[in-house]
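One structure is given here, and the rest of the page talks about it.
FYI, side chains are in, hydrogens and waters are out, and symmetry mates aren't considered; it's all heavy atoms of this structure. Since the model is a prediction, treat every value here as computed from it, not as a measurement.
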Amino acid sequence: MAILVDKNTRLIVQGITGREGSFHTEQMVAYGTNVVGGVTPGRGGEWVGKVPVFDTVRAAVEATGANCSIIYVPSHFAADAIYEAADSGIPLIIAITEGIPVLDMIRVRAYLDQKGVRLVGPNCPGLLTPGEAKVGIMPGHIATPGPIGVVSRSGTLTYEVVDALTRRGIGQSTCVGIGGDPVNGTSFVDVLGLFEDDAATEQIVMIGEIGGTDEEKAARFIAERVTKPVVSFIAGRTAPPGKRMGHAGAIVEGGVGTAEDKIAALEAVGVKVADHPEQIPDLLV
Amino acid sequence: MAILVDKNTRLIVQGITGREGSFHTEQMVAYGTNVVGGVTPGRGGEWVGKVPVFDTVRAAVEATGANCSIIYVPSHFAADAIYEAADSGIPLIIAITEGIPVLDMIRVRAYLDQKGVRLVGPNCPGLLTPGEAKVGIMPGHIATPGPIGVVSRSGTLTYEVVDALTRRGIGQSTCVGIGGDPVNGTSFVDVLGLFEDDAATEQIVMIGEIGGTDEEKAARFIAERVTKPVVSFIAGRTAPPGKRMGHAGAIVEGGVGTAEDKIAALEAVGVKVADHPEQIPDLLV
Amino acid sequence: MKLHEYQSKFRFAEFDIPIPQGKIATTPEQAYAIADEIGGPVVVKAQVLVGGRGKAGGVKLAKTPDEAMQQAQAILGMDIKGLEVTKVLIDPAAEIVDEVYLGITTDRAARRTVLIASGEGGVDIEEVAATTPEKIVKMHIDPFLGIRRYQTHDIANRVGIHRENWKEFYQIAKGLYDCVLASDATLAEINPLVLTGEGTLLAVDGKMVIDDNALNRQPELAAQRDTSDEPEAETKARESHLSYIKLDGEIGCMVNGAGLAMATMDVVKLYGGTPANFLDIGGGAKAETVATALEIILSDPNVKAVLFNIFGGITRCDEVAKGILAALEEVKPDVPMIARLVGTNEKEGRELLAEAKMITAETLSEAAKLAVQAAQSA
Amino acid sequence: MKLHEYQSKFRFAEFDIPIPQGKIATTPEQAYAIADEIGGPVVVKAQVLVGGRGKAGGVKLAKTPDEAMQQAQAILGMDIKGLEVTKVLIDPAAEIVDEVYLGITTDRAARRTVLIASGEGGVDIEEVAATTPEKIVKMHIDPFLGIRRYQTHDIANRVGIHRENWKEFYQIAKGLYDCVLASDATLAEINPLVLTGEGTLLAVDGKMVIDDNALNRQPELAAQRDTSDEPEAETKARESHLSYIKLDGEIGCMVNGAGLAMATMDVVKLYGGTPANFLDIGGGAKAETVATALEIILSDPNVKAVLFNIFGGITRCDEVAKGILAALEEVKPDVPMIARLVGTNEKEGRELLAEAKMITAETLSEAAKLAVQAAQSA
């Protein structure tokens, strides 16, 4: 058991013939992910390794029965790729692409909500269910199967935490990167709900950062719905207000989105918040 | 019993201070319709007869608990009025306005479908449940309560049929004008379903006309779902192809939408189709 | 409202759709000058609002300005299906490697605009649809998202446009949709969209139909109306905000309401007559409106009798009768007039008309029969 | 990316929002000429990318061209919150009968753009939001339908704009939203929107922020960037596609990944140091990128030690170490370098760096402590 992706995931890769797409397809296949096809318009009939390429997502879905798509196309075309996946009946879309304009994402998210399609990302490292499926760019070898669900707005900071857990012999159920953009597909609350309902997950690690109010919403949700222990780290205590810290969403604006507010909200509902990421394994029960 | 509107309808009138709006408000109130308010932006606080005027639909709904809105605003502003009603929680909107561009209606209909809001019209005479509520511009005195459900794409042709029924002592459950536009809110199929499920309706009169394929769809629906007898008349047997017969939707294009096709489809599923409107009362069981 | 080929294409160009850089000529001399300016082979194309002008000889190739002048001479003034050619478009001739059809129209049943394409370009799309529907690709356009790039790739793939032209094809399809939205078009088509010898796409022929309901917010397009394809009476009716369509019969019909007007025509036919027109005078019954409508009906020399069919709803029949009488006073028709009024105060209305020596009837059937009789004995 | 007042207003004007017909001056003489051309009282306004310029004396009324020249003389070159004024906007002075705030921004939590208005115009909206939130009206904009007329009527009503101005207000709000969409703005505000003595609405002051992620599809706006409000090192970093923010501390940080970079800063602080910067060098570890990043960090004279914190994921740590060594070879820094590599082949990577006499650490805590020590003893 795990959340979102596992051995039953039949994955297609949008942008498979690109530099990023072809490299990570190779990595995902090597990890054992069931990559059933790829899409690059006009390249249908070609192959990337042992993965067949299709012209459209619809053709790929019809030929392979894909139930998940990962998007590596450049930011200018990413919204269109998401729409294509949603229109072709894909229920779970992971967008790795960084730099999609926020007005595009507002429309994308509204459209997906109407259709009932789940998007993870964009601007995220994707998903990893250790031993079953790697859907994204996380280094697979740092993770190991186990009872900890990990959810994060960050990339390498997540790897750092997952690696620290694994070194301590603590495995993970699924690692979810939800991405660092201000408007994205899947929120902390969504993933917390999935982990809460997942039999394989016993404890949850939530890695937040400055900007927005997703962590505050998560705190309210934890108080209402989550029975499993949650440990957190919030990056950006030293970040100055009004500055975008690398991620488009990592910015304190109008006094909203500070690390202090987030930490206070989480601690108020019983979440242990680590002072530094290496402390996280110590805070687990 | 009846469909869509009855004594429990709490109606507001959008465009109440306009010429059409104020005239028909008076007529509807005189008929006994429960007109609880009207809306004209910037005229909040005024009165039209005994009906209070509000600046926005939201204000009107909050003050009056309205559950139905009728729209008399000019075509250029009609789409906005429909959106306002839908956004303010009105579940049933009747648009009398004629001449709304079809691209506006495509967007309106898509939006309402997402919201689960019902629109009747536009370009229609509205609804009449004899003895209970008149929501629109149908002359109330020609109708009388009874067991016949009437649905029509036309205005005066409907009056003609209703009047003919009443003269023969045959009353109506509800008379529904769905309007003559190519893209509208409520279709024949929708109304047939409502009449089928309405205990007060025993037989159905459906008045179609050339253009589109709504009557053909209705025929399929009748075969599958409708147990009550249906009598029909289709206007436009003599209409030349490629010409718009008054209604924006009354046009035979590319061989589609002829009266012959519609009559054949209806007769094939056992619907009696009258040769002329006055014959309709004779064809009822 | 239909637009001419040149109007459509010039409009397309505003949305960055590549078109031949042609111009309009109304005289052979202008045709010469334009062809001379273009400096290569040109096509001389009759501008008429009817299909099949190619077969009728209205489209000709010309290799030199002299030839262009001669072709224009032959085409200008030509009668194509009853319409006189008054303008020709002089386009540079394109080298056609391949041609496809690309159109956007309203799909009523789906309540969406729909993109239609076919590898069979340059021929009548309705004929392709009827004979080889598998050669037509359709894709609905989400009204909130518009055309998506992937849709155009899919279509391009299926109609045989090579990958090198997909970006262009996307721009053209998107331009066409933008044009539809900005113009309130119910139809916009490029037929053919040509792959030229230079390897680029070019909209060689175009057509647009504008939503009549939107003309008041499309003043620039409304001003381009060419009324040459409709009877003068229809033009006059439209200017008077009356809905009138001329037909070939002998019984003029004046009715309030479009559905009732069609039904009236049908009943006339049922009783052996033929309607001379469709006419909806709308609500109310102002004498002025009735008079204008009556003048329009009577301007048709085939009309041998006029049938009034009026349903008095909120307006009372006696008021309608007074309107009709005032109009008769003004117009003084010399053909028989049959009136059937029904609804509120119908008796009073009928009495007023009978006094004025109009033939009156109680039912539509009766009225139609009387009108047919009157027309036959006229 | 922020736009200046004049850039914002000139952009607004492209969307039919009425603005004062002013011009930009960079010298007092130009200010005179513009004021003379305007021919009435003008306002001389400092153009700086920071709030509070009014209180700082950067906005002055001038009744004559001479006065305008004097005011421009005083304002040009002025230091406002650390920024030098190099441009002034000369606007005709408007007679202000009433003023409101109108803005559109992104509401992250609602995932919508939001229209914000207030009857309290001309003052800091964040202050109004903090002190009298009931004076602020917010309305979300449906991303597919856009601003609807009824929404603007509702807002106009609630902020006290009279009915006579509703049509104008709708046009302005719609124009502002169109401007937001066309410009990929995350903020566009008119503050104040003024009711003038002539009874019409006028956008007297304006502000826009453009989505950094959209700048490659907004080349015209990107070209308007003014880098005067940011440290030179940040400008250089952006040109090298590095994400760098200068801070006030003494420990330079070079990290791969934004979240890890923030965490690194936090841990430095936790152990008593202060970070000199935020820096994300992104994926991979090309020597060239590391060298550029190092130069940027070292251009800050406050930096007393540099902390590398690299997570080797798909890229191996030994490769990263080689990149760092090559960069050190090129840049030759003279402050202590502390490196912490973790992930694939971390041991090999650390050994390589230790050989090059870098201080290495196994954990982030250890690395941070070592960096703080090194900086303190420097």
Side-chain angles (χ1 to χ4, degrees), chain A residues 23-24 27 75-76 98-107 109-111 137-139 141-142 152-160 163-164 180-183 207 209-214 217 233 235-240 243-250 254-255 257 259 275-279, chain D residues 105-106 108-109 111-113 125-126 129-130 142-144 180-181 184-186 211-218 243 245 247-249 255-271 274-275 278-280 282-283 309-315 342-344 363-365 368:
Chain A
F23 173 76
H24 286 290
Q27 298 272 325
S75 61
H76 187 55
E98 182 180 349
I100 304 180
V102 70
L103 289 175
D104 284 9
M105 279 311 303
I106 286 175
R107 291 165 68 86
R109 178 64 200 269
Y111 186 73
I137 61 174
M138 291 193 200
H141 60 274
I142 60 170
S152 172
R153 280 167 69 181
S154 161
T156 48
L157 178 55
T158 315
Y159 310 164
E160 168 100 33
D163 185 57
D181 275 1
V183 173
I207 304 162
E209 63 189 31
I210 55 159
T213 53
D214 249 27
K217 283 189 195 170
F233 174 74
R237 297 185 200 213
T238 49
K243 290 282 187 178
R244 217 168 279 281
M245 308 301 280
H247 289 158
D275 282 331
H276 58 82
E278 289 159 339
Q279 199 187 350
Chain D
T105 186
T106 309
R108 287 172 67 152
R111 299 183 303 265
R112 287 282 181 278
T113 45
I125 193 71
E126 286 183 5
D142 184 287
F144 297 125
V180 162
L181 293 187
D184 274 302
T186 54
D211 184 353
D212 292 327
N213 278 344
L215 288 174
N216 57 359
R217 70 180 182 195
Q218 298 289 353
S243 191
I245 291 161
L247 300 170
D248 295 330
V255 190
N256 64 336
L260 192 57
M262 279 188 275
T264 304
M265 289 158 51
D266 295 348
V267 176
V268 163
K269 183 75 182 286
L270 190 69
Y271 290 106
T274 51
F278 166 93
L279 180 88
D280 171 13
N309 186 19
I310 305 290
F311 189 93
I314 284 158
T315 314
V342 69
T344 326
T363 67
L364 176 50
S365 299

For this session: Identify which part of D:T264 has an atom lying under 4.5 Å from any heavy atom of chain A, answering side chain, backbone, both or neither.
Result: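 Looking at D:T264, nothing touches chain A.
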
Exercise. So what's closer than 4.5 Å to chain A heavy atoms on D:V268: side chain, backbone, both or neither?
Worked result: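 No part of it gets close to chain A.
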
Go through the atoms of [X] and report whether side chain, backbone, both or neither lie under 4.5 Å from a heavy atom of chain D.
X	result
A:I207	neither
A:D275	both
A:R153	side chain
A:E209	side chain
A:T238	both

For this session: Indicate yes or no: at least one non-hydrogen side-chain atom of A:P277 is less than 4.5 angstrom from one of D:L364.
Result: yes

For this session: Determine whether D:N216 and A:H76 make a side-chain contact, defined as any pair of heavy atoms from C-beta on separated by less than 4.5 Å.
Result: no

Can you check whether [Y]'s main-chain N or O pairs, donor with acceptor, with [X]'s side chain at less than 3.5 Å?
X	Y	answer
D:D280	A:G246	no
A:E160	D:F311	no
D:R111	A:V183	no
D:D266	A:R237	yes

Exercise. For A:E278, does the CD atom have more than 12 heavy-atom neighbours from other residues, nucleotides or ligands under 6.0 Å away?
Worked result: yes

Nearest-0.5 Å distance that lies between atom [atom1] in [X] and atom [atom2] in [Y]:
X	Y	atom1	atom2	value
A:M245	D:M265	CE	CE	3.5 Å
A:H276	D:T363	NE2	OG1	8.0 Å
D:M262	A:L157	CE	CG	8.5 Å
A:D181	D:N213	CG	CG	6.0 Å
D:D142	A:R107	CG	CZ	9.5 Å
D:T106	A:I106	OG1	CD1	5.0 Å

For this session: Against chain A, work out which of D:L260, D:D212, D:L247 has the most heavy-atom pairs shorter than 4.5 Å and name it.
Result: D:L260

Exercise. Which residue out of D:R217, D:E126, D:K269 racks up the most heavy-atom pairs below 4.5 Å with chain A?
Worked result: D:R217

Of all the heavy-atom pairs spanning [X] and [Y], show the shortest one and how long it is.
X	Y	result
D:L181	A:L103	CA-CD1, 3.9 Å
D:I245	A:R244	CD1-O, 3.1 Å
D:A109	A:T213	CB-OG1, 3.8 Å
D:D184	A:P101	OD1-CB, 3.9 Å
D:V342	A:D163	CG2-OD2, 3.5 Å

Among [options], which residue forms the greatest number of heavy-atom pairs with chain D at distances under 4.5 Å?
options	value
A:G211, A:S152, A:A248	A:G211
A:A164, A:A235, A:S154, A:G255	A:A235
A:Q279, A:M105, A:K217	A:K217

For this session: Mind telling me whether A:Y111 and D:F144 have parallel, tilted or perpendicular rings, with 30° and 60° as the class edges?
Result: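 Ring orientation, 0 to 90° scale: perpendicular.
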
For this session: For D:T274, check side chain to side chain donor-acceptor pair (under 3.5 Å) against everything at least two apart and list the hits.
Result: D:E250

